[in-house]
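Side chains are part of it too, since the values below use all heavy atoms of this structure and drop only hydrogens, waters and symmetry mates. Nothing here was measured: the structure is a model prediction, and the numbers come from that model.
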Amino acid sequence: MNFTADIKKEIISRGIGRGADALAEKKAGFSAFVRTSGELLAIEGVPTFRLISERENVAEFFTSAFSEIFSAELSIIHATLDRKSGRDKLLLQCPLSTSEKALTELALLRKNGEFRESISASLTSTERRKISYIRGAFLGSGSCTIPTESGKAGYHLEIIFPLRKTARDFCDLLCEFEIIAKLTKRKDTHVVYIKSKEQISDFLAVIGAKKALKRLSELVEQRDKSNRDNRAQNCMAGNADKAAIAAVKQVKAIKKLIDCGVLANQSEELQQLAKARVENPSQSLQELADSLKVSKSCLNHRMRRLMALAQRTEESNEKTKE
């Protein structure tokens, strides 16, 4: 099961609407579902709506909610297999005898008979109603992908609306919970989306998807740890490369001192270090220091003296040639 399905399953398990204001909260959630997964139309002059759902559990959830709110039944007028998703696509119809009343109470129909494009303030007048609306919208057309899913490289949460005005109002609604979403047009739809893992975490916390939030938090921590480990390994590899280059330069300088006969006139300590470096070109300075039984700082000092001696010798030879 993918991450989107997990979130929707958790929302359904929690339900929408509890307590004294349960009915108003259910209406908010159902209205959002119609906005994101439905079609507003008129049949024989009567305003009504149809719902489209690719997930059977979501269709059952809202069919039950409609029955509870309006004491009427949505009817399945068409069922087909969606070739792209591989899931059954259900088309549900609101009965005409109830549709006008339902649309009015869901704040989707104005008194003048026109369909409303904005999100009515009456639907979202309390925090719990706002949360119910957000849950209903995600159940309708929401999706969320995370990097663990096959072929998915980043974090992305989106909810699709047919109308720009509704989508903009929804962005404002999320903003009340300090969730900053962006809006873009995709063909004939308007997509509210979030790409920040922190903001997606906040979204999941707001809708109460605790299991999904825990899964996301564990993933983020795992990836952050992996990134830290990779940075450490890259740093170590970089240091190893630098050390190898330095060792090559040291061996080359020491061999010049040997060839020129200069090394033979140096102290026993410098001759020991030169011999150890030439015989062990791959050893680190710490390993060389351990083998010579001196501190690393002492060995560094001696190595700098050898390198400086090699530099002076080379400069002297250049002047002699001139």
Side-chain angles (χ1 to χ4, degrees), residues 1-16 28-29 32-33 35-37 54-55 57-58 61 84-85 87 119 124 127-161 164 166-187 189-237:
M1 186 177 290
N2 62 34
F3 196 48
T4 297
D6 287 345
I7 298 171
K8 293 188 176 184
K9 183 178 179 181
E10 193 168 356
I11 293 174
I12 290 172
S13 177
R14 283 185 58 91
I16 294 179
F33 184 70
R35 285 288 192 192
T36 54
S37 194
E54 295 179 357
R55 298 183 184 276
N57 60 339
V58 173
F61 178 73
K84 186 176 180 180
S85 65
R87 294 190 294 266
I119 298 176
T124 57
E127 182 173 298
R128 290 181 62 90
R129 292 183 189 183
K130 291 181 177 75
I131 294 171
S132 294
Y133 196 94
I134 295 170
R135 288 173 178 163
F138 189 84
L139 285 175
S141 65
S143 64
C144 185
T145 56
I146 53 179
T148 54
E149 295 182 344
S150 177
K152 306 300 180 183
Y155 302 90
H156 183 88
L157 184 147
E158 69 174 41
I159 299 175
I160 302 172
F161 293 84
R164 182 174 180 81
T166 318
R168 290 187 65 86
D169 284 355
F170 190 76
C171 286
D172 293 340
L173 183 60
L174 292 179
C175 194
E176 293 186 36
F177 294 93
E178 298 184 358
I179 298 172
I180 309 303
K182 294 183 179 181
L183 178 60
T184 188
K185 186 174 183 181
R186 184 187 298 160
K187 295 183 179 180
T189 64
H190 303 275
V191 183
V192 175
Y193 69 95
I194 306 168
K195 284 187 174 294
S196 160
K197 58 180 180 290
E198 292 82 10
Q199 291 279 279
I200 292 175
S201 295
D202 291 344
F203 181 94
L204 296 177
V206 166
I207 65 174
K210 295 180 179 179
K211 293 180 181 178
L213 178 58
K214 181 181 178 182
R215 177 178 167 187
L216 178 61
S217 298
E218 290 173 349
L219 170 67
V220 170
E221 175 58 30
Q222 180 183 353
R223 285 174 63 84
D224 287 348
K225 182 180 182 301
S226 177
N227 289 336
R228 288 194 298 270
D229 291 344
N230 287 338
R231 284 194 294 270
Q233 290 174 5
N234 290 339
C235 182
M236 290 172 62

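Residues Ser143 and Leu157 form no side-chain contact, since every pair of their non-hydrogen atoms from C-beta on lies 4.5 Å or further apart. Between Leu219 and Tyr155, some side-chain heavy-atom pair lies under the 4.5 Å cut-off. Side-chain contact check for Leu174 versus Phe203: some heavy-atom pair is nearer than 4.5 Å. A heavy-atom distance below 4.5 Å is not found between the side chains of Asp6 and Lys211. In this structure, Ile207 and Ile7 have side chains that are in contact, with non-hydrogen atoms separated by less than 4.5 Å. Looking at heavy atoms from C-beta onward, Ile16 lies in side-chain contact with Leu139 at the 4.5 angstrom threshold. A heavy-atom distance below 4.5 Å is not found between the side chains of Glu178 and Asp202.
Thr166 meets the side chain to side chain contact (heavy atoms under 4.5 Å, CB included) test with Arg35, Ile119, Tyr133, Phe161, Leu163; sequence neighbours excluded.
A distance of 11.0 Å separates CD1 in Ile131 from CD in Glu176, rounded to the nearest 0.5 Å. Distance check, rounded to the nearest 0.5 Å: CG of Leu204 to NZ of Lys214 gives 14.5 Å. In this structure, Thr4 OG1 and His156 NE2 are separated by 9.5 Å, a value rounded to the nearest 0.5 Å. Between Ser217 atom OG and Lys210 atom NZ the span is 13.0 Å, to the nearest 0.5 Å. Distance check, rounded to the nearest 0.5 Å: CG of Leu173 to CZ of Arg168 gives 14.0 Å.
In this structure, the side chain of Thr36 engages the main chain of Ala32 through a donor-acceptor pair within 3.5 Å. Without hydrogens or angle criteria, Lys8 side chain to Gly142 main chain gives a donor-acceptor distance under 3.5 Å. Between the side chain of Lys182 and the main chain of Tyr193, no donor-acceptor pair closer than 3.5 Å is present. Proximity of a side-chain donor or acceptor of Ser132 to a complementary backbone N or O of Arg128 within less than 3.5 Å is detected.
The residues Arg215 and Glu10 are annotated as not salt-bridged, no charged nitrogen and carboxylate oxygen being separated by less than 4.0 angstrom.
Checked by atom type, the side-chain pair Lys185/His190 shows no donor-acceptor distance below 3.5 Å.
The two atoms that bring Val192 and Ala167 nearest to each other are CG2-O, 3.6 Å, heavy atoms only. Between Ile159 and Ser141, the shortest heavy-atom contact is CG2-OG, 3.5 Å. Looking at every heavy atom in both residues, Leu216 comes nearest to Ser201 through CD2-OG, 3.3 Å. Shown here for Thr124 and Lys130, the closest heavy-atom pair between the two residues is O-NZ, 3.0 Å. Minimum heavy-atom separation, Phe170 to Ala137: CE1-CB, 3.7 Å.
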Inset, instruction - Under the side chain to side chain contact (heavy atoms under 4.5 Å, CB included) rule, what do Ile12 and Arg55 come out as? Steps first, then yes or no, please. - result: CA-CA 12 Å; Ile12 290 172; Arg55 298 183 184 276; over 6 Å; no
